[in-house]
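As structure tokens, the structure follows; a few thoughts come after it.
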Amino acid sequence: MVMDYGSNAISISRHSRGRRFPWKRVLLWAAIVVIVLILALFLFIQAKTYSPLEEALTALKSDGSVQVSELKHGYRFEPEAGKELLLPNIIFYPGGLVKPESYAPLARRLAEAGHRVYVASMPLNLALTAQNRADEYIAEHPEESYVIGGHSLGGAFAARYAAENPNKLAGIFFMGAYADDGADLSGSKLAVLQITGTLDAVLNKETWEQSKKNLPAERTEYVSIEGGNHGGFGTYGKQSGDNDATISASEQADKVAAAIDAWLSKLPK
């Protein structure tokens, strides 16, 4: 008995060639999944972002003592026209997931004291997304001197900017923040100001202590705000996981601004 497989084999082969893997459909569904995940992440970040209180929004308005200008990426606070400008200028990086407007009260106090202050805005309100934002502000007055500083995550990435650009700055200040191992400033000539709140429960104190090795020991000044907490460095309300402050956000802003102003007065102009 002879079995003829030839015609059946040809038929199966042709059928197999006609059934191609649906790459286009798979890629379409993959793209949809990625878009949904990105949208979900964006909505999650938005839900976790801290917004400025009314006091902060009021501080954003120009008046007879301070001129506030909205920039492409942030805000500029300047002393009233005719008042002597005190150098260095100040660049500030907000805390992670905190809107820049939340630091308007602090920026206003420093501008009233005579300083030009830039408060940066960052994509997704995360300083890690635009570490070099300071370059935009320095480019406005490249002949003048600058310091940079930041709150929490903003302080960490301000430190990384300072470590990579020490010749562009006169100093750096931290508010509930530290320079991690990716921003070793110990060998730099920058002046450093470290400000903490005694009731800050968000700042990792152990890591903060260990990070002191990344700062120039002889040029670092430490200031502790009695009764201040982590959220009190801005004006956005209590931060998750923080202690209750025993002073108001306005009082904390007064003390922080005074500490920064006093520190700046010692720096080269």
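Just so you know, these numbers come straight off a predicted model, no measurement behind them.
Separation of the Y118 and F92 ring centroids does not fall under the 6.0 Å cut-off.
Note: H230 and H151 have tilted aromatic rings, judged against thresholds of 30 and 60 degrees for the angle between ring planes.
Under the 3.5 Å distance criterion, the side-chain polar atoms of Y146 are matched with a main-chain donor or acceptor of H141. The main-chain N or O of N243 is found under 3.5 Å from a side-chain atom of N229 such that the two form a donor-acceptor pair. Between the side chain of N214 and the main chain of S186, no donor-acceptor pair closer than 3.5 Å is present.
The shortest distance between side-chain heavy atoms of D244 and L199 does not fall below 4.5 Å. Proximity of R109 to D254: side-chain heavy atoms (C-beta onward) are separated by under 4.5 Å at one or more points. Side-chain contact between I195 and F174 is absent, with no heavy-atom pair separated by less than 4.5 Å. Side-chain contact check for L153 versus L126: some heavy-atom pair is nearer than 4.5 Å. Residues L185 and I172 are in side-chain contact: their nearest non-hydrogen atoms beyond the backbone lie under 4.5 Å apart. Between P88 and L264, some side-chain heavy-atom pair lies under the 4.5 Å cut-off.
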When you look at V98 and T49, which way does the side-chain contact (heavy atoms from CB on, under 4.5 Å) test go after all the steps?
-> CA-CA 6 Å; V98 182; T49 297; over 6 Å; no

Chi angles and distances behind the side-chain contact (heavy atoms from CB on, under 4.5 Å) call for F173, V256 = CA-CA 11 Å; F173 63 95; V256 171; over 6 Å; no

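Residues R76 and E70 are not paired through a salt bridge, judged by the lack of any N-O separation under 4.0 Å between the basic side chain and the carboxylate. Between E136 and R133 there is a salt bridge, since a side-chain N of the basic residue sits under 4.0 Å from a carboxylate O of the acidic one. Residues D63 and R108 are paired through a salt bridge, judged by an N-O separation under 4.0 Å between the basic side chain and the carboxylate. Salt-bridge annotation for E144 and R116: present, with a side-chain N of the basic residue lying under 4.0 Å from a carboxylate O of the acidic one. With respect to K213 and D181, a salt bridge is recorded, a charged nitrogen being found less than 4.0 Å from a carboxylate O.
Shortest non-hydrogen contact noted between L53 and G237 is CD1-N, 3.6 Å. In plain terms, the two heavy atoms of P105 and T235 that are nearest each other are CG-OG1, 3.4 Å. Pairing each heavy atom of A177 with each of A156, the nearest pair is CB-N, 4.4 Å. Pairing each heavy atom of G154 with each of A127, the nearest pair is CA-CB, 4.0 Å.
Taken together through direct or relayed side-chain contacts under 4.5 Å among Ile, Leu, Val, Met, Phe, Trp and Tyr, L97 and L128 form part of one hydrophobic cluster. Residues L110 and Y137 are members of separate hydrophobic clusters, defined by side-chain heavy-atom contacts under 4.5 angstrom among Ile, Leu, Val, Met, Phe, Trp and Tyr.
Listed by chain and residue number, Y50 satisfy the ring-ring contact (aromatic ring centres under 6.0 Å, His included) test with Y236 (two or more places apart in sequence, or in another chain). Legend: residues meeting side-chain hydrogen bond (donor to acceptor under 3.5 Å, both in side chains) with Y75, ordered by chain and number and at least two apart, are E101.
Of the inter-residue distances, the one linking Q131 atom CD with M122 atom CE reads 9.0 Å to the nearest 0.5 angstrom. Atoms CG and CH2, from L193 and W263 in turn, are 5.5 Å apart once rounded to the nearest 0.5 Å. Atom OG1 of T207 is separated from atom CG of D180 by 10.0 Å, given to the nearest 0.5 angstrom. Expressed to the nearest 0.5 Å, how far NZ of K168 lies from CD1 of I91 amounts to 9.5 Å. To the nearest 0.5 Å, atom CG of residue N132 and atom CZ of residue R160 are 12.0 Å apart. With rounding to the nearest 0.5 angstrom, the CD atom of E78 is 14.0 Å from the CD atom of E112.
H115 and D261 share a donor-acceptor pair across their side chains, judged by distance under 3.5 Å alone.
Annotation for E143: atom CD counts as buried by contact number, over 12 foreign heavy atoms lying within 6.0 Å. In K83, the NZ atom is crowded: over 12 heavy atoms of neighbouring residues, nucleotides or ligands sit closer than 6.0 Å.
Here side-chain hydrogen bond (donor to acceptor under 3.5 Å, both in side chains) pairs that include residues 217-227, with residues two or more places apart or in two chains, are E221-K266.
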